[in-house]
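For reference, the structure is listed below as structure tokens.
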Amino acid sequence: MKKARQLCSLHCTNTTSTTNSWTTQLRDLAKQGDYHEALLLYRRLLRSGDPSPAAFTFPFALKSCAALSLPLLGAQLHSHVVRTGSQSDPFVLTALISMYCKCRFIDSARKLFDENPLCRTLSVCYNALIAGYTYNRRFSDAINVFCRMREVGVLVNDVTILGLVPGCTVPKDRYFGISVHGFVVRCGLDTDLSVANCLLTMYVRCGSIELARNLFYDMPERGLITWNAMISGYAQNGLATQVLELYHEMESLGICPDPVALVGVLSSCANLGARKVGLKVEQQIESGRFGYNLFLKNALINMNARCGNLVRARSIFDEMPEKTLVSWTAIIGGYGMHGQGEIAVELFDEMIKTGIKPDGAVFVSILSACSHAGLTNKGLGYFSLMESNYGLQLGLEHYSCVVDLLGRAGRLAEAHGLIESMPVEPDGVVWGALLGACKIHRNVNLAELAFNRVIKFEPWNIGFYVLMSNMYTEAKDMEGVRRVRVMMRERKLKKDPGCSYVECKGRTHLFMVGDRSHPQTEEMYRMLDRLEGLVKELGGYEKTDPDGRTEELVNGVGVHSERLAIAFGLLNTGLGREILVIKNLRICGDCHLFIKLVSKVVDRQFVIRDATRFHHFKDGACSCNEFW
DNA sequence: CTAGGGTTAG
């Protein structure tokens, strides 16, 4: 790149270029995205003394100003345009409007549009203004311009639609989106691939995945972008299994994916804990056939971390010459997920040192990492810095992390106090975190309060009823158990228990809470008793946990599923081998301490894989093997 | 003037 620039400047200074070749060079630079260089060239062009040829280069120079967000230079160019009488050139006009819009000077764009009579007859000018309003998130203004365009009879074309439709971003916008879709069909614009892709993405963003899917299967031809839009659409809506299905369909049709598709696939592998597919994709990427970029590396870090290979995730991270905030968030979240909060903390501090400005997402990662590792005060420290030091808004997700943090540490009153002092209305997640903490520390009174709040927000969430019922069982409050059971029956909620999986000799074994269905059940329970003895003997809980939390191996409700998975793994896998435990960590984040302790006691390595959306496979543990 | 992408607790 540097060499190309040197060549270019040599060329520019040493030859007596004609206007055309200057313009061509400028255009090429702008097209390559080398906007800075393009503007330097433009300046030299001006200095060459002849102002009139500059007119041809205005659109490219303006585009560069737009890309670099240089409104002052853009305005200078505008006056230059006026001086040279170029404001009757449609290309220049649209470039000016677009420049102002991209620089967030939308009112200047509007002024220009209103004051220039030529503008009001040209599709391209309307298009630029509509796209500009959309870009500046002034969707209703965009709609108004679109309506006026139709009133005055200016031709609506594909680009008009492409500028307007992305303004539909929230579910309620989809009604407008649907009406535009109808208009598009009536005008015959629906045969345009980019228009169809744009509509497809619109449905995804408005949360109408059904409509997106219908459109996808109705389309007579699909381009790579169509496939990608559908894959990311599923991925963003949490439909990870559908992503993998679509990816397989793509493969069977012989369509070669590109990095965009693979990012969506990897993200779904991460959510499913689908290691086999993930590794296959990673190998394909390494073969170099599909291209490689930053997005893909971040997706690989995330996939490896969530699929149990934290070491690999770390090495990809370490080898990245350029790390973005997302890279840091992924690796910090990875360590947090595996209960290695200390490393997460080190990484977070290192990130701050390198001058990266943290955002809300990375704070969620670090707070939850602290929570899982019992680093309560460390986490509280970060929380207090969020607003004061980094000027970040505290969201519900941060409050829920801190309630979880305090709650796990047994500081239930403080957790409750924090909820009461929140400037925003707490939601079900926040109350749910308190409820979970009450479960760990057996505070039935506070649990009742949290339970009553949480089911107001998520009455359909079976997990909370099960949790409360189990607490009553522990407290031998049979009346309480009955009350919860009645509520569940009234609401027609069926038990949908959490589960863990362990891989052994190529097969995946599934365990529910308190499971006794496995043929080796007796052996497994004996193994757990032995482990409990060993851990207690070594004073494991007290020594390991800086905040003195305790966690029992077996509770009154039934043995946690990951414990069964571990017991099974210890019984059935060879010495020195890693035991892979797959657990829905979002439902039960408690397993880390246990795994850490047992890992020490038996001197074996456990690899945890997070299968957040694994329950999509619950129809049969075997079906997941196809993906793994 | 113009269609697709990574990270976030319970």
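Per the geometry, CD1 belonging to I161(A) stands 18 Å off P belonging to dC1(B), to the nearest Å. If you measure from atom CG of L296(A) to atom P of dT7(B), you get 12 Å, rounded to the nearest angstrom. The interatomic distance linking L467(A) (CG) with dG10(B) (C1') rounds to 11 Å, in whole Å. Rounded to whole Å, the distance from CG on L112(A) to P on dC1(B) is 14 Å. Computed from coordinates, the L200(A) CG to dA3(B) C1' distance equals 10 Å when rounded to whole Å. When the P atom of dG10(B) is taken as reference, atom OH of Y465(A) falls 21 Å away, rounded to whole Å. Note: CG (N237(A)) to P (dG5(B)) measures 12 Å, nearest angstrom. Counting to the nearest Å, the P atom of dT7(B) and the CD1 atom of I332(A) are 15 Å from each other.
Considering only side-chain atoms of I225(A), the nucleotide from dT8(B), dA3(B), dC1(B) that sits closest is dA3(B). Here the nucleotide nearest the side chain of D404(A), chosen from dG10(B), dA3(B), dG5(B), is dG10(B). Taking the side chain of V326(A) as heavy atoms from C-beta on, and the options dT7(B), dG5(B), dT8(B), the nearest nucleotide is dT7(B). Side-chain atoms of S232(A) lie closest to dG5(B) of the nucleotides dG6(B), dG5(B), dT8(B). Here the side chain of V263(A) is nearest to one of dT8(B), dG5(B), dT2(B), namely dG5(B).
Residue-level contact check: Q236(A) touches the backbone only, with heavy atoms under 4.0 Å from sugar-phosphate atoms and none from bases. Among the protein residues, K323(A) comes within range of no part of the nucleic acid, since none of its heavy atoms lies under 4.0 Å from any strand. In this structure, D258(A) reaches the bases: a heavy-atom distance under 4.0 Å links it to at least one base atom across the strands shown. Counting non-hydrogen atoms under 4.0 angstrom, L294(A) reaches a base of the nucleic acid. Within 4.0 Å (heavy atoms only), T160(A) reaches no atom of the nucleic acid at all. Residue N293(A) is classed as a base contact, given a heavy-atom separation below 4.0 Å to a base. Among the atoms of the strands shown, none is found under 4.0 Å from any heavy atom of P166(A). Within 4.0 Å (heavy atoms only), R222(A) reaches no atom of the nucleic acid at all.
Residues that satisfy the side-chain hydrogen bond (donor to acceptor under 3.5 Å, both in side chains) test with R453(A), not counting sequence neighbours, are absent from this structure. With sequence neighbours excluded, no residue forms a salt bridge (Lys or Arg N to Asp or Glu O under 4.0 Å) with E397(A).
Phosphate contact (OP1/OP2 of dT7(B), side-chain N/O of N302(A), threshold under 4.0 Å): present. The phosphate of dT7(B) (OP1 or OP2) has no side-chain N or O of R306(A) nearer than 4.0 angstrom. Residue K63(A) places none of its side-chain N or O atoms closer than 4.0 Å to OP1 or OP2 of dT2(B). S267(A) has a side-chain polar atom (N or O) that falls below the 4.0 Å cut-off from OP1 or OP2 of dT7(B). One finds a side-chain N or O of H372(A) lying less than 4.0 angstrom from the OP1 or OP2 phosphate oxygen of dG10(B).
For the pair A240(A) and L272(A), the tightest heavy-atom approach, listed with the atom from each and the gap, is CB-CG, 3.6 Å. Minimum interatomic distance between A261(A) and M250(A) (heavy atoms only, all atoms of both residues): CB-CE, 4.4 Å.
Relative to the six-membered ring of Y390(A), K357(A) misses at least one condition, a distance below 6.0 Å or an angle of at most 45° to the axis.
The aromatic rings of F363(A) and H398(A) lie perpendicular to each other, with more than 60° between the two planes, well past the 30° mark.
At a cut-off of 3.5 angstrom, counting only N and O atoms as typed in the model, there is no donor on one side facing an acceptor on the other between the side-chain of T329(A) and the base of dG6(B).
With respect to R222(A) and E249(A), no salt bridge is recorded, no charged nitrogen being found less than 4.0 Å from a carboxylate O.
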